[in-house]
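Single-structure report; data block below.
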Amino acid sequence: MSQTLPGTIPASLFEACADTIAETARELAALGWTPATSSNFSMRIDADHAAITVSGRHKGRLGREDIMLIDLDGHAVGTDARPSAETALHTQIYRRWPQMGAVLHTHSRTQSVVSRLFAGDGVIRLQGWELQKAITGYLTHESTLDIPVFPNTQHMPDLVAQVDAWLDAGKPLHAYLIDGHGIYTWGRDMAEAQRHLEALEFLLGCELDLRKSRAS
C-alpha cells in the first residue's frame, strides 16, 4: 500500500504508531478476540489525523502497510486504501476527547455473547468488582461502571448518534458494546486502551458467569 504523508507528519511518527497498532493487533488476535478479519484499531497522530487499520485485513498478520492515515472526518489521506467501515466511531472519540490517543474494537466470544444477553437492558452495570479500578477514574470497587449496549446497525451515523446521545445526557462513558457485535474502548495511549480492554473482558466474563450460575 502506498502512503503519502502530509509534510506536517514525520514519517517516523506514523511508522511508530503503525508498528504499535500492528503489535497490539497481533497480541489481541492471539487471544482470539479478532476472529476472521473483524475488529479495528487506531491511534491519534496529531490534532487532525489518526492512523487506523485498513479494511478487511487479518489482524493477526498486520504490518505497516496495513495501517493508513485518515483525517478526523474519516477520510483517507495520501492513499487509495479504504479504512475500516467503522472509522466514524473512532474519529468520534478523538473529536470528543482531544486527550484520547488510541481506540480498540474487538469481537471476543465473551463480548459478543454478553452484548446479546444485555441488549434488552441497554446497559451492563458493573458493581463490586475489584478490577473496576483498572478503568481510569475509578478508585474503588464500590463505584458503579455502566457499559451501554447499543443496537447494531450497518449505518454508522446511527451508531454515532447513539453514542453522542449518551454523552450529551451527561453519562460517563469509558466503553460500549454493540448488540451481537463487540466492544469499543479507548485510552490516552495504547497502553491505557489495552488495559481497559483487558479489564473489561474479564469483568464481562464475570458477569456472564454470574448469570449462568443464577440460572442453574
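The structure displayed is predicted, hence computed values, not measured ones.
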Query raised in the report: Does the side chain to side chain contact (heavy atoms under 4.5 Å, CB included) test come out yes or no for Val160 and Leu89, once each step is laid out?
Result: CA-CA 6 Å; Val160 169; Leu89 300 176; 3.8 Å; yes
Report summary line: d(Leu131 CG, His141 NE2) to nearest 0.5 Å is 13.0 Å
Query raised in the report: Heavy-atom distance under 4.5 Å between the side chains of Met68 and Ile70, does that happen here?
Result: yes
Query - Atom pair CG (Asp158) and CG (Asn152), whose distance is rounded to the nearest 0.5 Å - result: 11.0 Å
Query raised in the report: Is there side-chain contact between Ser108 and Leu31, with at least one heavy-atom pair below 4.5 Å?
Result: no
Query raised in the report: Just wondering, more than 12 heavy atoms not from Asp168 lying within 6.0 Å of its CG?
Result: yes
Query - Arg96, CZ atom: more than 12 neighbouring heavy atoms under 6.0 Å - result: yes
Requested in this report: Check the pair Glu23 / Met190 against side chain to side chain contact (heavy atoms under 4.5 Å, CB included), numbers first and verdict last.
Outcome: CA-CA 11 Å; Glu23 179 181 358; Met190 185 61 83; over 6 Å; no
Requested in this report: Search all heavy atoms of Ser115 against all heavy atoms of Gly180 and return the closest pair with its distance.
Outcome: OG-N, 2.8 Å
Requested in this report: Over all heavy atoms of both residues, which pair between Phe41 and Leu28 is shortest? Give the atoms and the distance, please.
Outcome: CE2-CD1, 3.7 Å
Query raised in the report: Does the side chain of Ile67 come within less than 4.5 Å of Cys17's, by heavy atoms?
Result: no
Query - CA sep, side-chain torsions, deciding dist, call: Glu207, Trp129, side-chain hydrogen bond (donor to acceptor under 3.5 Å, both in side chains) - result: CA-CA 10 Å; Glu207 289 289 338; Trp129 300 108; 2.8 Å; yes
**Report entry** Atom pair OG1/CZ of Thr91 and Arg44 - distance to nearest 0.5 Å
**Finding:** 10.5 Å
Requested in this report: Please round to the nearest 0.5 Å and tell me the distance separating atom CG of Leu126 and atom CG of Leu204.
Outcome: 6.5 Å
Query - Closest contact, heavy atoms only, Thr87 versus Ile52 - result: OG1-CD1, 3.6 Å
Report summary line: Rounded to the nearest 0.5 angstrom, the CG-CD distance for Leu200 and Glu198 is 10.5 Å
**Report entry** Side-chain heavy-atom pair Ile147, Val114 within 4.5 angstrom cut-off
**Finding:** no
Query raised in the report: Roughly how far, to the nearest 0.5 Å, is the CG atom of Leu208 from the OG atom of Ser213?
Result: 10.0 Å
Query raised in the report: Is the CZ atom of Arg211 crowded by more than 12 outside heavy atoms at less than 6.0 Å?
Result: yes
Requested in this report: Could you tell me whether the side chain of Asp179 reaches within less than 4.5 Å of the side chain of Phe118, counting heavy atoms only?
Outcome: no
Query raised in the report: Is it true that Arg61 and Asp66 make a salt bridge, defined as a side-chain N closer than 4.0 Å to a carboxylate O?
Result: no
Query raised in the report: If you look at every heavy atom in His174 and Leu145, which pair is closest and at what distance?
Result: CD2-CD1, 4.2 Å
Query raised in the report: Would you call Lys133-Glu130 a salt bridge at under 4.0 Å N-O?
Result: yes
Requested in this report: Would you indicate whether the side-chain heavy atoms of Val123 and Trp166 approach each other to under 4.5 Å?
Outcome: yes
Requested in this report: Check the hydrophobic clustering (I, L, V, M, F, W, Y; side-chain heavy atoms under 4.5 Å; chains of links allowed) and say if Val103 and Val163 are grouped together.
Outcome: yes
Query raised in the report: Taking side chain as C-beta onward, heavy atoms only, is His105 less than 4.5 Å from His181?
Result: yes
Requested in this report: Go through Gln194 and Thr24 one step at a time and tell me if the side chain to side chain contact (heavy atoms under 4.5 Å, CB included) criterion holds.
Outcome: CA-CA 8 Å; Gln194 195 166 359; Thr24 301; 3.8 Å; yes
Requested in this report: Measure across Met100 and Arg188 and return the closest heavy-atom pair with its distance rounded to 0.1 Å.
Outcome: SD-N, 3.8 Å
Requested in this report: Kindly give the heavy-atom pair with the smallest separation between Asn40 and Ser84, and that separation in Å.
Outcome: ND2-OG, 3.1 Å
Query raised in the report: Should Leu197 and Ile178 be regarded as members of a common hydrophobic cluster, given that ILVMFWY residues are connected when their side-chain heavy atoms come within less than 4.5 Å of each other, either directly or indirectly?
Result: no
Query raised in the report: Hey, mind stepping through Thr106 and Thr34 against side chain to side chain contact (heavy atoms under 4.5 Å, CB included) and telling me if it holds?
Result: CA-CA 6 Å; Thr106 51; Thr34 67; 4.2 Å; yes
Report task. Show the numbers, then the answer: is there a side-chain hydrogen bond (donor to acceptor under 3.5 Å, both in side chains) between Thr136 and His196? Result -> CA-CA 8 Å; Thr136 298; His196 288 170; 3.2 Å; yes
Requested in this report: Determine whether Val149 and Asp121 make a side-chain contact, defined as any pair of heavy atoms from C-beta on separated by less than 4.5 Å.
Outcome: no
Query raised in the report: Going by the ring pair (Phe, Tyr, Trp, His ring centres under 6.0 Å) test, which pairs reach into residues 55-103, not counting sequence neighbours?
Result: His90-Tyr184, Trp97-Trp186
